[in-house]
Amino acid sequence: MDSKVRVRFAPSPTGGLHLGGVRTVLFNYLFAKHHKGEFILRIEDTDQTRFVPGAEQYIQDTLAWCGLTPDESPLHGGPYGPYRQSERKAMYKQYADTLIEKGYAYYAFDTPEDLDAKRKEIPNFQYSRAHRMELKNSISLGADEVAVLLKNNTPHVIRIKVPENEEVSLDDVIRGHVSFDTNMVDDKVLLKADGMPTYHLAVVVDDYLMKITHAFRGEEWLPSAPVHVLLWKYLFGLDKMPKWAHLPLILKPDGNGKLSKRDGERLGFPVFAMDWTDPNTNTTTIGFKERGFLPAAFVNLLAMLGWNDGTDKEIYTIEELIAGFSLDRVHKGGAKFDYEKAKWFNAEWIKKTENEKLAPLVRPYFEEAKIEIHNPNYLVKIIGLVKERCHLLPEFVAQSSFFFTAPTTIDTASIAPKWDEKKYLFFEELVKLYVSKMETGLLTIPASTLEIEFKELVAKHELKAGELMLPFRIMLVGGKFGPGVFEIVEAIELKDTVTRIEKCLQLLSSN
RNA sequence: GGAGCGUUCGUCUAACGGUUAGGACGCCAGGUUUUCAUCCUGGUAAUACGGGUUCGAUUCCCGUACGCUCUACCA
């Protein structure tokens, strides 16, 4: 590679960023960083009718959350700005004019209504060589007539004039040689009536001006690639064209087809990276972040959707991904998204992440549940105790709320059937034991000691530990779950332990 | 309809002509956990179909089927 690698992610700001979009960002980022190149964010906001306020900010926020920060962007600036296409409007016109001068493009005066009528009249209508002469444009019309129309500011677009009987091809990095017959390609609009470029013109002009070396985009763009290749040929030369890589799609889990926002709603899992609230409808679509995914896990699972390094390794840090990434190991076929596996990735990352780093991420969920955390160190300790049973961040609340407040519901139904006087007496004496410890000034006792003392008492009462452990757990936790009983006692300390036993004893005798 | 792209366990994928077609998720069974989860062990399950090429095809070629994407003055 003779020039520095420069890649770009070019979304249009119309809503939340879905899995496929973020994965495109990720592959861009990994490729750029692997080659010590630059990653650019360019906002493609040429369609003013689809502009959604807040969407651009959302994209920036999402990239920041994922840790995929662009080197150049509307926010960060850079030497090739502006990075919003709406602010580059003037640049595109000159290239469209050049194309007209060279005879590679023409003016078209057909109204949308004209075209609709044509589409109805002719099956499989395409604005192309086959029908050009039947329409109102600077090829079919006389020069004088065109001059008048232009002089009168008649609304018009500029279309590419696709040549006849040529083969246009590109060497896609992922798919290899792909070729098209120009007779099958239609004369796409390059410059709209409002003076804004369409994607087709803008992507070519901006990729050139921004010195993009590798252009990644979703597979859905492949059918329009010949238009882009032609534009490169006419405007800047094929030798300057970036290498294309059309990425496979991310598919819905059931059936076939591209994963959509609706699939997530239907099947109950997020599709967007972060919560997205549509300002028009004021409805919020849930995101992976808010569902409780770690960004590292999210990035990891996305990377594995369509790429692998050829080994059995599945858990990767971003650094490892950068080091190992290569386009020749990206798949051609689409990948169905599996939410179960996504959760597994997150569980792995929760186990892998230090308790101290988890604490601030988990804390908001406790606040939401109105559970106060007085001691940050205590939270860190509890996280260590329960992290391996949590797949998603919010589960920390359900798995550990009893460490912070006494359980509100107690599953006495699981104790009652086998409850008897002997057990009652046992727990009464256990309380006495703990109270006596407290009177010596002890707040808590190590779990190992607690266990020994507990078993001594069990033996004294001629009972079996097995039949006492479950009741004890339920008294403390409220249900049949959670870490080791004595670790819980150690954590919540003697005073709370005693209170909880006594409360439950009352509950059991009142029934 | 047309064009382009794709196709290995249910899912994500490995095997770049020679393997009992491997791993992971899920699921099932057993063990550990005197609970649940974790963890460990084992099991389940795939080369879309038909022709070639070859001593030998998951792998290369052709065809068929199926699927997907595009077919807007949207990206």
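Within every chain, numbering begins at 1; the chains are lettered A, B, ... in the order of the sequence lines, protein sequences first and strands thereafter. Note that these values count all heavy atoms, side chains included, but never hydrogens, waters or copies made by symmetry.
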Original post:
ring-ring contact (aromatic ring centres under 6.0 Å, His included) with A:Phe125: which residues, sequence neighbours excluded?
Top reply: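 Result, ring-ring contact (aromatic ring centres under 6.0 Å, His included) vs A:Phe125: A:His131.
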Any carboxylate oxygen within less than 4.0 angstrom of a Lys/Arg side-chain nitrogen, looking at [X] and [Y]?
{"X": "A:Arg389", "Y": "A:Glu395", "value": "no"}
{"X": "A:Glu467", "Y": "A:Lys464", "value": "no"}
{"X": "A:Asp114", "Y": "A:Lys118", "value": "no"}
{"X": "A:Lys258", "Y": "A:Glu219", "value": "no"}

When all nucleic acid strands are considered with a 4.0 Å heavy-atom cut-off, which category describes [X]: base, sugar-phosphate, or nothing?
{"X": "A:Lys258", "value": "sugar-phosphate"}
{"X": "A:Pro253", "value": "nothing"}
{"X": "A:Gly306", "value": "sugar-phosphate"}
{"X": "A:Lys351", "value": "sugar-phosphate"}
{"X": "A:Met469", "value": "base"}

Mind calculating the distance between [atom1] ([X]) and [atom2] ([N]) to the nearest angstrom?
{"X": "A:Leu247", "N": "B:C68", "atom1": "CG", "atom2": "C1'", "value": "16 Å"}
{"X": "A:Tyr316", "N": "B:C12", "atom1": "OH", "atom2": "P", "value": "18 Å"}
{"X": "A:Leu302", "N": "B:U13", "atom1": "CG", "atom2": "P", "value": "12 Å"}
{"X": "A:Phe402", "N": "B:C36", "atom1": "CZ", "atom2": "P", "value": "14 Å"}
{"X": "A:Gln126", "N": "B:G2", "atom1": "CD", "atom2": "C1'", "value": "8 Å"}
{"X": "A:Arg473", "N": "B:A37", "atom1": "CZ", "atom2": "P", "value": "12 Å"}
{"X": "A:Lys480", "N": "B:U33", "atom1": "NZ", "atom2": "P", "value": "18 Å"}
{"X": "A:Phe337", "N": "B:G26", "atom1": "CZ", "atom2": "P", "value": "14 Å"}

Taking atom [atom1] in both [N] and [M], what distance in whole Å separates the two?
{"N": "B:A46", "M": "B:U8", "atom1": "P", "answer": "14 Å"}
{"N": "B:C27", "M": "B:C12", "atom1": "C1'", "answer": "16 Å"}
{"N": "B:U19", "M": "B:U32", "atom1": "P", "answer": "41 Å"}
{"N": "B:C61", "M": "B:C73", "atom1": "C1'", "answer": "44 Å"}
{"N": "B:G18", "M": "B:G43", "atom1": "P", "answer": "26 Å"}
{"N": "B:C9", "M": "B:A48", "atom1": "P", "answer": "7 Å"}
{"N": "B:G52", "M": "B:C5", "atom1": "P", "answer": "26 Å"}
{"N": "B:C28", "M": "B:A45", "atom1": "C1'", "answer": "12 Å"}

Subject >> Given B:U35, B:C39, B:C12, the nucleotide with the shortest approach to the side chain of A:Phe481 >> reply: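 Among B:U35, B:C39, B:C12, the one nearest the side chain of A:Phe481 is B:U35.
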Which base sits across from [N] as a Watson-Crick or G-U pair, both distances under 3.5 Å?
{"N": "B:G67", "value": "B:C5"}
{"N": "B:A72", "value": "none"}
{"N": "B:A57", "value": "none"}
{"N": "B:G50", "value": "B:C62"}
{"N": "B:C16", "value": "none"}
{"N": "B:G10", "value": "B:C25"}
{"N": "B:C39", "value": "B:G31"}

Within the pair [X] and [N], is there a side-chain N or O less than 4.0 Å away from OP1 or OP2?
{"X": "A:Lys341", "N": "B:U13", "answer": "no"}
{"X": "A:Asn308", "N": "B:A14", "answer": "yes"}
{"X": "A:Arg329", "N": "B:A14", "answer": "yes"}

Original post:
How do A:His391 and A:Lys455 order along RNA chain B: which one's closest nucleotide is nearer the 5' end?
Top reply: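 Upstream on the strand: A:Lys455.
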**OP:** By nearest nucleotide on RNA chain B, pick out whichever of A:Glu388 and A:Leu251 is the more 5' one.
**Re:** A:Glu388
Subject >> With A:Tyr127, the side-chain hydrogen bond (donor to acceptor under 3.5 Å, both in side chains) member among A:Asp186, A:Asp187, A:Asp110 >> reply: A:Asp110
Original post:
For nucleotides 3-10 of chain B, read 5' to 3', which letter fits each nucleotide if B means a protein heavy atom sits under 4.0 Å from the base, S means only the sugar-phosphate is that close, and - means neither?
Top reply: -SSS----
Is the ring pair [X]/[Y] parallel, tilted or perpendicular, if the boundaries are 30 and 60 degrees?
{"X": "A:Phe269", "Y": "A:Tyr339", "result": "parallel"}
{"X": "A:Trp419", "Y": "A:Phe427", "result": "parallel"}
{"X": "A:His156", "Y": "A:Phe109", "result": "tilted"}

Subject >> Modelled atom types, side-chain donor and acceptor of A:Asn152 and A:Thr154, under 3.5 Å >> reply: no
Original post:
Do A:Arg23 and A:His18 meet the criterion of a side-chain donor-acceptor pair at a distance under 3.5 Å?
Top reply: no
**OP:** Please determine if A:Lys313 forms a cation-pi arrangement with A:Tyr316, meaning its NZ or CZ atom is less than 6.0 Å from the six-membered ring centre and no more than 45° off the ring axis.
**Re:**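 Because its charged atom sits under 6.0 Å from the ring centre and within 45° of the axis, A:Lys313 does stack over A:Tyr316.
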Pairs under 3.5 angstrom, nitrogen or oxygen only, protein versus nucleotides 73-75 of chain B, please.
| unit_1 | atom_1 | unit_2 | atom_2 | d |
| --- | --- | --- | --- | --- |
| B:C73 | OP2 | A:Arg159 | NH2 | 3.2 |
| B:C73 | O2 | A:Ala193 | N | 2.8 |
| B:C73 | N4 | A:Asp110 | O | 2.9 |
| B:C74 | OP2 | A:Lys192 | NZ | 2.9 |
| B:C74 | O2' | A:Asp47 | OD2 | 3.2 |
| B:C74 | O2' | A:Arg50 | NE | 3.1 |
| B:C74 | O2' | A:Arg50 | NH2 | 3.1 |
| B:A75 | OP1 | A:Thr46 | OG1 | 2.8 |
| B:A75 | OP1 | A:Lys192 | NZ | 2.8 |
| B:A75 | OP2 | A:Tyr199 | N | 3.4 |
| B:A75 | O3' | A:Glu44 | OE1 | 3.2 |
| B:A75 | O2' | A:Ser12 | OG | 3.1 |

